2 protein chains.
Amino acid sequence: MPKDANFTLVQLRYFLAAAELGSMTAAAQRINVSQSAISTAVTHLERELGVQLLIRRHAKGLSLTRAGERFLHELRGFLTHADDLTEAARSLGTDLVGELAVGCFQTLAPFCLPQLLREFGRAHPAVRVQVTEGDIRTVQDALRGGTCELALLYDLGLDPDLDREVLAVAPPYALVPPEHRLAGAGAVRLADLAEDPMIVLDLPLSRDYFRSLALKAGIEPRVRHRSTSYETVRALVAAGHGFAILNQRPVHDTTYDGGRAVALRLTDPLPALPVVLARLSGVRPTGRAQAFAAVCREAMGA
Amino acid sequence: MPKDANFTLVQLRYFLAAAELGSMTAAAQRINVSQSAISTAVTHLERELGVQLLIRRHAKGLSLTRAGERFLHELRGFLTHADDLTEAARSLGTDLVGELAVGCFQTLAPFCLPQLLREFGRAHPAVRVQVTEGDIRTVQDALRGGTCELALLYDLGLDPDLDREVLAVAPPYALVPPEHRLAGAGAVRLADLAEDPMIVLDLPLSRDYFRSLALKAGIEPRVRHRSTSYETVRALVAAGHGFAILNQRPVHDTTYDGGRAVALRLTDPLPALPVVLARLSGVRPTGRAQAFAAVCREAMGA
DNA sequence: CTCCCCCATCACTTTTGCCGATGCAGGCGA
DNA sequence: TCGCCTGCATCGGCAAAAGTGATGGGGGAG
């Protein structure tokens with residue numbers, strides 16, 4: 001019962017050269033190894049396959065047996081396949097074709113993905129980009145599991161085994177209804193909102209972040225509502241249910257249901273939230289990933 | 001400039017196992033090597049290809065990168081190809097399918113090939129037999145050059161580097177025209193024909209053989225005609241141009257042109273000519289060749 | 001916090017591949 | 001026919017590679 005093939009690609013290539021040149025000596029010169037290396041390799045190959053491939057005619061070099069001739073024919077195809085495989089593998093790492101999977105934190109997605117995908121698509125039209133949206137944990141797991149290679153995230157409790165590169169910072173701001181007493185102020189301190197009910201964007205790590213901001217400003221927020229939807233939070237604020245702290249700012253004030261919400265700059269010395277491009281550290285980035293990172297840097301850094 | 005692929009089939013198989021089982025440890029157990037062997041092999045493969053294929057998650061085994069996933073897909077096809085190649089090669093040596101090239105001395109061919117091909121074809125219908133006919137030297141060169149693997153020959157000055165197996169013996173006989181003075185004798189001594197002109201079958205080694213027979217019988221033949229065609233010799237004899245010495249005996253006396261020739265047994269103590277099956281010694285015979293040899297033995301030995 | 005799982009790494013051993021030299025056998029020219 | 005030359009096989013020695021078992025680190029799970 002012949003189990004699995006125990007020959008080597010090297011042996012196959014040696015045989016190929018010898019068969020094509022009709023001489024082990026010539027093959028040895030071409031490949032830059034000794035003639036004995038060719039000899040033993042071919043012998044091993046023949047023994048392994050159980051077929052005699054070459055006929056050694058002492059002073060007249062080699063000739064192929066019928067079996068050798070047919071094998072040679074198959075072999076060419078096979079070695080081509082081997083080269084193709086190498087080629088494919090290398091290009092998987094370096095070429096700017098194929099596909100690239102990126103992750104994106106869900107509330108960040110509508111703000112930056114359109115531009116990024118547009119510019120990346122223009123620069124590298126041969127690369128198909130597949131986006132995974134989700135909360136920070138989900139995206140982080142996707143990174144770790146290899147489902148995606150890059151991710152746009154807030155640097156909120158990211159595991160240290162992720163390499164991150166800060167692309168931009170998103171300072172927190174307060175969102176209040178237009179009829180709020182401070183709606184016209186332009187800027188407030190969080191303490192000014194201490195008595196107002198708060199609407200919290202309730203995503204795994206975000207909730208802690210917003211709470212910590214409030215605490216840092218010295219207030220204990222009275223949470224009235226929670227929602228996992230950014231737009232719902234805006235709508236609740238617009239409807240007068242309370243104020244919210246957010247980081248991303250839409251270009252207009254109108255909510256889906258026609259309400260309006262007013263953004264107020266915060267004068268507290270609060271840390272801005274870094275928007276980072278994260279990668280699994282220790283994983284060699286593909287060329288596509290590097291290209292995408294470059295586009296991100298240019299688009300968001302400027 | 002990526003020269004040529006420097007990975008190993010073994011490395012590929014190790015990677016396949018690890019990727020499929022999601023664990024190097026498991027792969028190691030299955031393949032019966034140590035875990036470290038898998039680890040280093042996969043690492044080398046990745047370095048060689050320049051692509052990261054697996055993500056190592058410390059306590060949770062492995063997961064494939066996107067590149068690894070795609071590579072794995074290609075790889076399966078490739079390893080199947082490798083198995084096919086092995087399979088093909090092995091069957092080239094052992095299977096009773098494919099083709100078999102045999103050589104045959106030209107004057108022997110019409111006497112034994114029909115039966116041999118018929119019986120071999122019945123026993124091994126999947127093997128296509130390709131016959132090369134020619135004089136002894138031609139067939140011998142075909143053997144040496146790998147053009148054919150077996151040959152039916154007279155053992156006439158065959159090189160000692162050929163393995164031969166005697167299948168039958170063909171005693172020489174004299175052929176005379178019907179009106180010859182000894183045509184009714186049934187048997188003669190060569191000396192009785194010493195004065196008759198001789199017709200010689202003029203093939204590279206045959207001519208010397210016929211001459212040596214005559215000399216051995218103590219006569220110096222008077223050669224009237226030479227021909228490279230067996231049937232021409234018969235016809236010349238039938239037409240009264242002289243006598244001939246031959247080994248193969250057709251079932252009837254009539255020549256192509258309607259003449260008749262009479263065969264006379266020779267009472268001289270002359271060596272019979274061995275009909276041999278010749279192979280290049282030191283060349284491993286394929287299964288097909290062995291099967292053909294067996295058919296020859298059975299058909300001609302009986 | 002502890003245990004356990006899984007992979008990377010290390011030192012060591014075994015195997016393999018290669019080299020250079022030598023031997024052998026056949027073609028070929030003198 | 002006799003060397004000479006060519007071309008492959010083989011051998012001893014050596015270096016590179018692969019494999020082994022042990023160790024360690026990092027991270028999940030209870």
Side-chain angles (χ1 to χ4, degrees), chain A residues 6-15 17-19 21-48 52-65 68 137 140-141 143-146 159-162 280-283, chain B residues 6-15 17-19 21-48 52-64 137 140-141 143-146 159-162 280-283:
Chain A
N6 238 14
F7 50 78
T8 307
L9 286 174
V10 172
Q11 287 170 358
L12 294 177
R13 284 193 272 264
Y14 284 8
F15 165 73
L21 299 177
S23 153
M24 295 194 182
T25 307
Q29 284 173 242
R30 157 177 301 197
I31 308 185
N32 286 322
V33 294
S34 73
Q35 168 266 320
S36 62
I38 306 281
S39 175
T40 58
V42 171
T43 302
H44 282 164
L45 180 63
E46 286 179 321
R47 179 184 324 288
E48 187 58 38
Q52 176 136 7
L53 301 171
L54 293 174
I55 295 175
R56 285 79 163 165
R57 303 147 89 195
H58 292 155
K60 292 169 62 175
L62 302 172
S63 57
L64 286 159
T65 62
R137 283 216 231 282
Q140 207 167 295
D141 286 349
L143 271 183
R144 251 200 284 275
D159 279 0
D161 63 344
L162 296 179
L280 209 50
S281 77
V283 173
Chain B
N6 239 10
F7 50 78
T8 307
L9 286 173
V10 171
Q11 288 169 358
L12 294 177
R13 284 194 271 264
Y14 284 9
F15 165 73
L21 298 178
S23 154
M24 294 193 182
T25 309
Q29 286 175 242
R30 158 176 300 199
I31 309 186
N32 287 321
V33 294
S34 70
Q35 168 266 322
S36 63
I38 305 280
S39 175
T40 57
V42 171
T43 302
H44 281 162
L45 180 62
E46 286 178 321
R47 178 186 326 289
E48 186 59 35
Q52 177 135 6
L53 300 171
L54 292 174
I55 295 175
R56 284 80 165 164
R57 304 147 90 194
H58 293 142
K60 291 172 54 178
L62 304 171
S63 59
L64 286 160
R137 280 214 234 282
Q140 205 168 293
D141 286 350
L143 271 183
R144 250 198 287 275
D159 278 2
D161 62 346
L162 296 179
L280 210 50
S281 77
V283 173

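What you are looking at is a predicted structure, and each value in this text was computed from that prediction instead of being measured. Proteins come first, then strands; the chains are lettered A, B, ... in the order of their sequence lines, and each starts at number 1. Heavy atoms only: backbone and side chains are in, while hydrogens, waters and symmetry mates are out.
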Practice task
Please name all residues satisfying side chain to side chain contact (heavy atoms under 4.5 Å, CB included) with Arg57(B), sequence neighbours left out, ordered by chain then number.
Solution key: Ile55(B), Lys60(B), Ser63(B)
Handout entry: 5' priority, DNA chain C, between Arg144(B) and Gln11(A) [closest heavy atom]
Key = Gln11(A)
Exercise for the section: Please find the earliest and latest nucleotides of DNA chain C, in the 5' to 3' direction, that have an atom within less than 4.0 Å of any heavy atom of chain B. Expected result: dC5(C) to dT9(C)
Output one line per pair: protein atom, nucleotide atom from nucleotides 5-12 of chain D, and distance, for all N/O pairs under 3.5 Å.
residue, atom, partner, partner atom, Å
dG7(D), O4', His58(A), O, 3.2
dC8(D), OP1, Met24(A), N, 2.9
dC8(D), OP2, Met24(A), N, 3.4
dC8(D), OP2, Thr25(A), N, 2.9
dC8(D), OP2, Thr25(A), OG1, 2.5
dA9(D), OP1, Arg56(A), NE, 2.3
dA9(D), OP1, Arg56(A), NH2, 3.3
dA9(D), OP2, Ser39(A), OG, 2.5
dA9(D), N7, Gln35(A), NE2, 3.1
dA9(D), N6, Gln35(A), OE1, 3.2

Problem - Atom of Ile31(B), atom of Arg13(B) and distance for their closest heavy-atom approach - result: CD1-O, 4.3 Å
Handout entry: Val42(B) to Phe15(B) - nearest heavy-atom pair and separation
Key = CG2-CA, 4.0 Å
Which distance, rounded to the nearest 0.5 Å, do you find between the [atom1] of [X] and the [atom2] of [Y]?
X	Y	atom1	atom2	value
Thr43(B)	Met24(B)	OG1	CE	6.0 Å
Leu53(B)	Leu45(B)	CG	CG	6.0 Å
Asn6(B)	Arg47(B)	CG	CZ	13.0 Å

Fill in the blank from the handout: In His44(A), Glu48(A), Glu46(A), the residue satisfying side chain to side chain contact (heavy atoms under 4.5 Å, CB included) with Gln11(A) is His44(A)
Exercise for the section: Round to the nearest Å and state the distance from Leu162(A) atom CG to dG27(D) atom C1'. Expected result: 14 Å
Practice task
Starting from P on dG27(D), measure out to CD on Gln140(A) and report it in whole angstrom.
Solution key: 12 Å
Exercise for the section: Step by step, work out the side chain to side chain contact (heavy atoms under 4.5 Å, CB included) result for Leu54(A) and Leu64(A). Expected result: CA-CA 5 Å; Leu54(A) 293 174; Leu64(A) 286 159; 3.6 Å; yes
